**Student:** 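Below is one structure. I have some questions about it.
Scope of the values below: all heavy atoms of this structure, side chains included, with no hydrogens, waters or symmetry mates. Small disclaimer: the values here were computed from a predicted structure and weren't measured.
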Amino acid sequence: MGHDPEGCGMAALAAPVGVRTSCMVQLLHTGMPPSSCRTTTCEATVQSLMDRLGWWAQEPGRLMPRPIPMSKVTVRVAYMMLIQPNIDMRCSRWTDFIAEAYGVQRDQVHDAQLASLRSLLANVWRRVKWTNKYKVLFWQLTVYGLPTSVNRDTHGAACFCAALGHECPGRKHHMWDCHAAQAVVTELSTCLGIAGAGLQRHHLW
């Protein structure tokens, strides 16, 4: 077989039978397919590849990822695939947050609690008339984005309260165990008329 500079010899295999036969006859005699065949077969090859190559994509509302060929990819699907690692990380950190707020293990956190937290954050951001810097602080609390000693890897840096056992304080200490945080909890309990230990961490967080 002669030289095929455009790579359309193999492409002819993807064309309809009639077109494929005439293309192959001329290709065998001249080493080049006809120009009409080159266009048709190359387009057919591209379409064949588009239908066979693709990605496994996790779509909203689906439990398991499904294969999506290149010919079926939309802007929405491509965007979701692009940000999926961030969504997974956020979900993981929300799980940690809920588990710490309720004092339970990660595997005891339910999907309904994650959905409730997502809805709460959306309502806070869209409907609550509050300075954005406070909203950002609350969002950072849920994803462990606060600049605590643990997050900043400043091991050995104690909280200003110098509480024993908190040489390297994290979110729970700064936002609940610390004397300053407990003073805020006490003040809130007084203002809300909640006596004793009625205001729990998951209520405040």
**Student:** If you apply the rule side-chain contact (heavy atoms from CB on, under 4.5 Å), what do you find for Lys172 with Arg201, and how did you get there?
**Tutor:** CA-CA 9 Å; Lys172 181 174 177 290; Arg201 187 164 61 247; 3.6 Å; yes
**Student:** Where does the angle between the aromatic ring planes of Phe97 and Phe138 fall among parallel (under 30°), tilted (30 to 60°) and perpendicular (over 60°)?
**Tutor:** perpendicular
**Student:** Which is it for Leu137 and Leu146 under the side-chain contact (heavy atoms from CB on, under 4.5 Å) test, yes or no, and what are the steps along the way?
**Tutor:** CA-CA 8 Å; Leu137 179 65; Leu146 297 173; 3.4 Å; yes
**Student:** Please check if atom NZ in Lys72 has more than 12 non-hydrogen atoms from other residues, nucleotides or ligands closer than 6.0 Å.
**Tutor:** no
**Student:** Is there a side-chain contact between Met80 and Ile87 (heavy atoms, below 4.5 Å)?
**Tutor:** yes
**Student:** Looking at side-chain heavy atoms only, is the closest gap between Trp176 and Val185 below 4.5 Å?
**Tutor:** yes
**Student:** Check whether any side-chain N or O of His203 sits under 3.5 Å from a backbone N or O of Gln200 as a donor-acceptor pair, and report yes or no.
**Tutor:** yes
**Student:** Are Met89 and Val143 grouped together when hydrophobic residues (ILVMFWY) are joined by side-chain heavy atoms under 4.5 angstrom apart?
**Tutor:** no
**Student:** Are the side chain of Tyr144 and the backbone of Arg171 linked by a donor-acceptor contact shorter than 3.5 Å?
**Tutor:** yes
**Student:** Return the SG to CG distance between Cys91 and Asn86, rounded to the nearest 0.5 Å.
**Tutor:** 12.5 Å
**Student:** Which is it for Thr142 and Trp205 under the side-chain contact (heavy atoms from CB on, under 4.5 Å) test, yes or no, and what are the steps along the way?
**Tutor:** CA-CA 8 Å; Thr142 66; Trp205 285 12; over 6 Å; no
**Student:** Going from OG1 on Thr190 to CG on Leu199, what distance comes out if it is rounded to the nearest 0.5 angstrom?
**Tutor:** 10.0 Å
**Student:** Before giving the answer on side-chain contact (heavy atoms from CB on, under 4.5 Å), spell out for Val184 and Leu188 the whole-Å C-alpha distance, their side-chain angles and the decisive distance to 0.1 Å.
**Tutor:** CA-CA 6 Å; Val184 173; Leu188 285 173; 4.1 Å; yes
**Student:** Compare every heavy atom of Ser92 with every heavy atom of Arg106, then report the nearest pair and how far apart it is.
**Tutor:** NH1-O, 3.2 Å
**Student:** Looking at every heavy atom in both Asp177 and Gln182, which two are closest together, and how far apart are they?
**Tutor:** O-CG, 4.1 Å
**Student:** Show me, pair by pair, the donor-acceptor contacts under 3.5 angstrom made by side chains of residues 110-132, not counting sequence neighbours?
**Tutor:**
| from | atom 1 | to | atom 2 | distance (Å) |
| --- | --- | --- | --- | --- |
| Gln113 | OE1 | His110 | N | 2.9 |
| Asn123 | ND2 | Ser119 | O | 3.3 |

